[in-house]
Enquirer: 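The structure follows.
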2 protein chains.
Amino acid sequence: MAAENKKQDKREAILNAAESLFAKHGYDGVTLRAIAKEAGVDVALANYHFGPKRDLFDAVLLRRAQILNSWRLEALEATVQNAAPNPPQVKDIIRAYFEPLLKRSQVQEPGWKSYYALIAYVNSSPEWGGTLMTQFFDPMIHRFLAVLKTALPGVPDKSMYWGYHCLSGALTLAFAQTGRIDHLSDDLCKSDDLPDACDYIVDFVAAGFSDMIAASQKETATL
Amino acid sequence: MAAENKKQDKREAILNAAESLFAKHGYDGVTLRAIAKEAGVDVALANYHFGPKRDLFDAVLLRRAQILNSWRLEALEATVQNAAPNPPQVKDIIRAYFEPLLKRSQVQEPGWKSYYALIAYVNSSPEWGGTLMTQFFDPMIHRFLAVLKTALPGVPDKSMYWGYHCLSGALTLAFAQTGRIDHLSDDLCKSDDLPDACDYIVDFVAAGFSDMIAASQKETATL
DNA sequence: CTAGAATTTCAACAATTGTTGAAGACGTAA
DNA sequence: TTACGTCTTCAACAATTGTTGAAATTCTAG
């Protein structure tokens, strides 16, 4: 059981350690020495593989962003195909955005859990949120919004964008698993029960989007 | 115009500088020297007034939390009185939660803007979110949820808590003003137009809560 | 003005930071 | 074996970190 280190999985051990620690304490709250210790390697090795600290941070983010994007686009296209030639239901589109986070036993994988918390950190940070999230996720999101618009004809773009912002805030906060809702609800709701959280959030968000149709119709009616 | 320092507003200058910098870069991303420089005082003064760094962070959070809580409770009770003896409308309750953030020309005050971004950072951080937010805001939130339940009879508590979690995520992300939605919407939506943001988020969140009634009725009907 | 308390600055501390260059260990192909 | 390129460690660097004790300044009573 000793000497299980294959060839150079130390590189990935560094990524995993960095992912976990950045998720917990943020970029500046983590030292390269802490990462190296968690990964069981020397401090200098992180710099050898990834360059400066900031580049390691980007590498951690990028690794799973690509996978997640492809999973979400897959689920979205399947939803579109499923409903064709009609536009899909709003709730099914929202589900296509949420369910890739849960499938393939991701919930059990601690790496993905850390990654979700990390995304929450990046998303709500004035330092990273504006640029990094855009860079990694916007093309996928635009495709998602385009499909959502077919299900919500006549809804102004501004409502759609703010609606997505609400979705994004609710989703990232829930997946950050801060333990907040556990305290607030006296353990009626559990931060780490992501499938359960998804059920509720999907309903909430779908209702928020669906209501835009009624609102936009009421608006045009008064003209 | 020189020598405008009154008595000991240096203490507040430190709080303001810390607030602004913590909001931008998080707890670990800010040094006491950066705070002191921004405040125009010596490094040691922060420690003299507030003790260790962590206590300064708490002091920054606490200063406006108390004010915000009282404003929100005021607005909530006014809403209740206004609708009595009937329960208020869902949207009016949500508005009572949002509008204190905008009133009294807070939008212009950079201090409050920084504070909102700081709350977003704390809220989504696994390190602070579970404990600090609970400590500062939970009593006010419980009163808010109690009133909301009168407007949404029969809705299960679990739905209510997850609904609040969605509200909280959407609100804090928007008020973090990361510039994210500006990029995503090609400047159709502006991060720093908080009143505009509130209009859209209030509608979205109110719809999410209101839909819970229909859902819970449909559920009991199938039994 | 004077004494004493509160505030502010100065200078320095031990510890930690990201990064680097040289040396060592490993794997592979001749 | 030898040689060579990749991976890993070691040791150390200059800079920065939070914190502190003593000195200097300012404020407030008497």
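Throughout, a chain's letter reflects where its sequence line sits, starting with A, and its residues are numbered from 1.
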Enquirer: My understanding is that only residues two or more places apart in sequence, or in another chain, count here; which of them pass ring pair (Phe, Tyr, Trp, His ring centres under 6.0 Å) with B:Phe137?
Expert: none

Enquirer: Can you tell me if the side-chain N/O atoms of A:His49 get under 4.0 Å from OP1 or OP2 in D:dT8?
Expert: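 It does, given that an N or O in the side chain of A:His49 lies less than 4.0 Å from OP1 or OP2 of D:dT8.
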
Enquirer: What residues, two or more places apart in sequence or in another chain, satisfy salt bridge (charged side-chain N to carboxylate O under 4.0 Å, His left out) together with A:Asp203?
Expert: A:Lys91

Enquirer: Does D:dT17 have OP1 or OP2 sitting under 4.0 Å from an N or O in the side chain of B:Lys53?
Expert: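 Answer is no, no contact under 4.0 Å.
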
Enquirer: Which pairs count as salt bridge (charged side-chain N to carboxylate O under 4.0 Å, His left out) when at least one residue sits in residues 163-172 of chain B, sequence neighbours excluded?
Expert: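 Counting only pairs at least two positions apart or across chains, no salt bridge (charged side-chain N to carboxylate O under 4.0 Å, His left out) contact touches residues 163-172 of chain B.
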
Enquirer: Tell me which residues in residues 25-44 of chain B put a heavy atom below 4.0 Å from DNA chain C, sorted by number, or none.
Expert: B:Arg33, B:Val41, B:Asp42, B:Ala44

Enquirer: Once salt bridge (charged side-chain N to carboxylate O under 4.0 Å, His left out) is applied, what residue pairs with a partner in residues 48-75 of chain A remain, sequence neighbours excluded?
Expert: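 Salt bridge (charged side-chain N to carboxylate O under 4.0 Å, His left out) check on residues 48-75 of chain A returns A:Glu12-A:Arg63, A:Glu19-A:Arg63, A:Glu19-A:Arg64, A:Arg54-A:Asp58, A:Glu74-A:Arg104.
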
Enquirer: Does any N or O in the side chain of B:Ser159 come within less than 3.5 Å of the main-chain N or O of B:Val155, such that one atom is a donor and the other an acceptor?
Expert: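 No; zero donor-acceptor contacts below 3.5 Å.
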
Enquirer: Give me each pair satisfying ring-ring contact (aromatic ring centres under 6.0 Å, His included) with a member in residues 172-199 of chain B, each pair once, sequence neighbours excluded.
Expert: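 Qualifying pairs, neighbours excluded: B:Tyr116-B:Phe175.
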
Enquirer: Is A:Tyr48 close enough to D:dT8 that one of its side-chain N or O atoms is under 4.0 Å from OP1 or OP2 there?
Expert: no

Enquirer: Angle between the two end axes of the helix from C:dC1-D:dG30 to C:dA23-D:dT8, five base pairs per end, rounded to 10 degrees?
Expert: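 Answer for the end axes of this duplex: 20°.
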
Enquirer: Please collect all salt bridge (charged side-chain N to carboxylate O under 4.0 Å, His left out) contacts where either partner lies in residues 132-149 of chain B, sequence neighbours excluded, each pair once.
Expert: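 Residue pairs with at least one partner in residues 132-149 of chain B: A:Arg180-B:Asp138, B:Glu77-B:Arg143, B:Lys149-B:Asp157.
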
Enquirer: A:Leu45 or B:Arg54: which one's nearest nucleotide on DNA chain D is closer to the 5' end?
Expert: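 Its nearest nucleotide lies further toward 5', so the answer is A:Leu45.
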
Enquirer: Show me the donor-acceptor pairs within less than 3.5 Å that the side chains of residues 118-131 of chain B make with the rest of the protein, sequence neighbours left out.
Expert:
from: B:Tyr121; atom 1: OH; to: B:Tyr27; atom 2: N; distance (Å): 3.0
from: B:Tyr121; atom 1: OH; to: B:Trp128; atom 2: NE1; distance (Å): 3.2
from: B:Asn123; atom 1: ND2; to: B:Ser168; atom 2: OG; distance (Å): 3.0
from: B:Ser124; atom 1: OG; to: A:Ser124; atom 2: OG; distance (Å): 2.8
from: B:Ser124; atom 1: OG; to: B:Ala120; atom 2: O; distance (Å): 3.2
from: B:Ser125; atom 1: OG; to: B:Glu127; atom 2: N; distance (Å): 3.0
from: B:Ser125; atom 1: OG; to: B:Trp128; atom 2: N; distance (Å): 3.1
from: B:Thr131; atom 1: OG1; to: B:Trp128; atom 2: O; distance (Å): 3.4

